Amino acid sequence: MTAIRLLIVDDDPLVRAGLTFMFGAAEDIEIVGEAADGSEVAERVARLHPDVVLMDLRMPTLDGLSATEALRAREGAPEVIVLTTFHADEQVLRALRAGAAGFVLKDTAPGEIVESVRRVAAGAPVLSPTVTRQLITKVSGDDPALDRRARARTRMAELAEREREVAVEVGRGRSNAEIAATLYMSVPTVKTHVSRIMARLDLNNRVQIALLAHDAGLLDED
């Protein structure tokens with residue numbers, strides 16, 4: 001089995017050392033490098049080709065949000081997990097909108113942080129859409145809510161009816177199997193719709209689908 005290649009980005013050397021020790025027991029994860037600031041991320045990624053980047057948000061020269069936005073805008077970018085000390089933080093939400101696959105708190109149990117890397121490497125988000133919605137209700141983005149809703153509804157209008165239904169169910173936190181049962185379709189069909197939604201709307205993952213469905217105000221509709 002090919003090991004998951006992990007890059008750790010944090011300005012605190014003690015945090016990096018602790019994370020390195022934590023992942024040392026995971027035989028399926030290889031730490032390929034470290035970075036002490038967001039300004040080092042692009043070079044490290046180009047040279048080390050990680051599958052997942054564990055990214056601290058608060059760093060002195062270039063913060064993790066800016067580094068995530070720049071990284072996820074690149075073709076073939078690795079997945080990003082935001083590492084933070086705050087549950088409800090505007091930067092966390094912006095990082096999710098930029099394409100981060102989720103976030104973990106620095107005081108999360110070691111086993112859960114390790115598992116989050118495995119989940120992201122397998123293409124799954126590391127937080128449920130329910131948690132995403134809770135985060136959204138606690139912080140506000142830079143844009144006025146009404147403008148954001150109008151833009152989200154315009155984007156959702158690009159979807160076919162069945163794709164829109166699947167997007168709403170993703171936003172409600174349902175798994176592929178649950179969506180299949182709710183909408184009377186097969187699991188492979190659900191997976192196909194999810195892939196088409198991401199491709200059509202240029203989204204990175206299910207978290208972004210959930211965010212868009214929420215912004216469009218579709219999760220409150222019957």
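All values reported here derive from a predicted model rather than from experimental measurement.
By the side chain to side chain contact (heavy atoms under 4.5 Å, CB included) test, Thr182 is found to be paired with Glu169, Arg174, residues two or more places apart in sequence or in another chain being considered. By the salt bridge (Lys or Arg N to Asp or Glu O under 4.0 Å) test, Arg162 is found to be paired with Glu165, residues two or more places apart in sequence or in another chain being considered. Under the side chain to side chain contact (heavy atoms under 4.5 Å, CB included) criterion, Met198 pairs with Val194, Leu203, Ile209, not counting sequence neighbours.
Between the side chain of Arg5 and the main chain of Leu48, a donor-acceptor pair closer than 3.5 Å is present. Side-chain N or O atoms of Ser66 include none that pairs as donor or acceptor with a backbone N or O of Leu62 at under 3.5 Å. Under a 3.5 Å cut-off, the side chain of Arg153 and the backbone N or O of Ala216 do form a donor-acceptor pair. Within the 3.5 Å criterion, the main-chain N or O of Asn204 finds a donor-acceptor partner in the side chain of Gln208. Checked by atom type and distance alone, the side chain of Arg16 never pairs as donor or acceptor with a backbone atom of Val9 at under 3.5 Å. Using a distance-only test at 3.5 Å, with no hydrogens or angles considered, a donor-acceptor pair links the side chain of Thr108 to the main chain of Leu105. The backbone N or O of Thr61 lies less than 3.5 Å from a partner atom in the side chain of Asp37, making a donor-acceptor pair. With hydrogens and angles ignored, the 3.5 Å screen pairs a side-chain donor or acceptor of Arg72 with a backbone N or O of Pro78. A donor-acceptor distance shorter than 3.5 angstrom exists from the side chain of Glu163 to the backbone of Ala160, with no hydrogens or angles considered.
When each of Arg149, Arg151, Arg97 is checked for a salt bridge (charged side-chain N to carboxylate O under 4.0 Å, His left out) with Asp215, only Arg97 meets the rule. With Leu212 as the partner, the side-chain contact (heavy atoms from CB on, under 4.5 Å) test is satisfied by one option alone out of Ile197, Leu218, Leu201: Leu201. When each of Val120, Val32, Asp51 is paired with Ile4, the side-chain contact (heavy atoms from CB on, under 4.5 Å) condition holds for Asp51 and for no other.
The pair Arg119-Glu115 does not count as a salt bridge, with every side-chain nitrogen at least 4.0 angstrom from each carboxylate oxygen. Salt-bridge check for Arg58 with Asp63: failed, with every basic side-chain N at 4.0 Å or more from each acidic carboxylate O. Using a 4.0 Å cut-off between a side-chain N of Lys or Arg and a carboxylate O of Asp or Glu, Glu69 and Arg94 qualify as a salt bridge. Remark: Lys106 engages Asp10 in a salt bridge, criterion side-chain N to carboxylate O under 4.0 Å.
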Could you go through Met185 and Val166, starting from their C-alpha distance and side-chain angles, then the distance that decides it, and tell me whether this counts as side-chain contact (heavy atoms from CB on, under 4.5 Å)?
CA-CA 10 Å; Met185 61 177 66; Val166 170; 4.3 Å; yes
Give the intermediate values and the outcome of side-chain contact (heavy atoms from CB on, under 4.5 Å) for residues Asp28 and Phe23.
CA-CA 9 Å; Asp28 58 333; Phe23 285 103; over 6 Å; no
Please lay out, stage by stage, how Leu57 and Leu83 fare under the test side-chain contact (heavy atoms from CB on, under 4.5 Å).
CA-CA 6 Å; Leu57 276 183; Leu83 191 62; over 6 Å; no
Using the rule given for side-chain contact (heavy atoms from CB on, under 4.5 Å), can you reason through His49 versus Val45, listing the C-alpha separation, both sets of side-chain angles and the distance that settles it, and then say yes or no?
CA-CA 5 Å; His49 305 289; Val45 168; over 6 Å; no
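Remark: the Ser195 side chain and the Thr192 side chain contain no N/O donor-acceptor pair separated by less than 3.5 Å.
With rounding to the nearest 0.5 angstrom, the CD atom of Glu30 is 10.5 Å from the OG1 atom of Thr2. A distance of 8.5 Å separates OG in Ser39 from CZ in Arg44, rounded to the nearest 0.5 Å. Within the model, atoms CD1 of Ile81 and OG1 of Thr68 stand 11.0 Å from one another, a figure rounded to the nearest 0.5 Å. Put simply, CZ on Arg200 and CD on Glu158 are 8.0 Å apart, with the number rounded to the nearest 0.5 Å. Met22 contributes atom CE, which lies 8.5 Å from atom CD1 of Ile8 (distance to the nearest 0.5 angstrom).
For the pair Asp56/Val15, no side-chain contact is recorded, criterion being any heavy-atom separation below 4.5 Å from C-beta on.
Annotation for Val53 and Pro50: closest pair CG2-CG, 4.1 Å, computed over non-hydrogen atoms. Nearest heavy-atom pair, Ala100 versus Asn205, reported as atom, atom and distance to 0.1 Å: O-ND2, 3.4 Å. Closest approach of Ala167 and Leu159 over heavy atoms only: CB-CD1, 4.2 Å. Contact between Ala95 and Val82 at its shortest, heavy atoms only, is CB-CG2, 3.6 Å. Smallest separation of non-hydrogen atoms from Ala46 and Arg74: CB-NH2, 4.3 Å. Heavy atoms only, all atoms of each residue included: Phe103 and Thr84 are closest at CD1-CG2, 3.9 Å.
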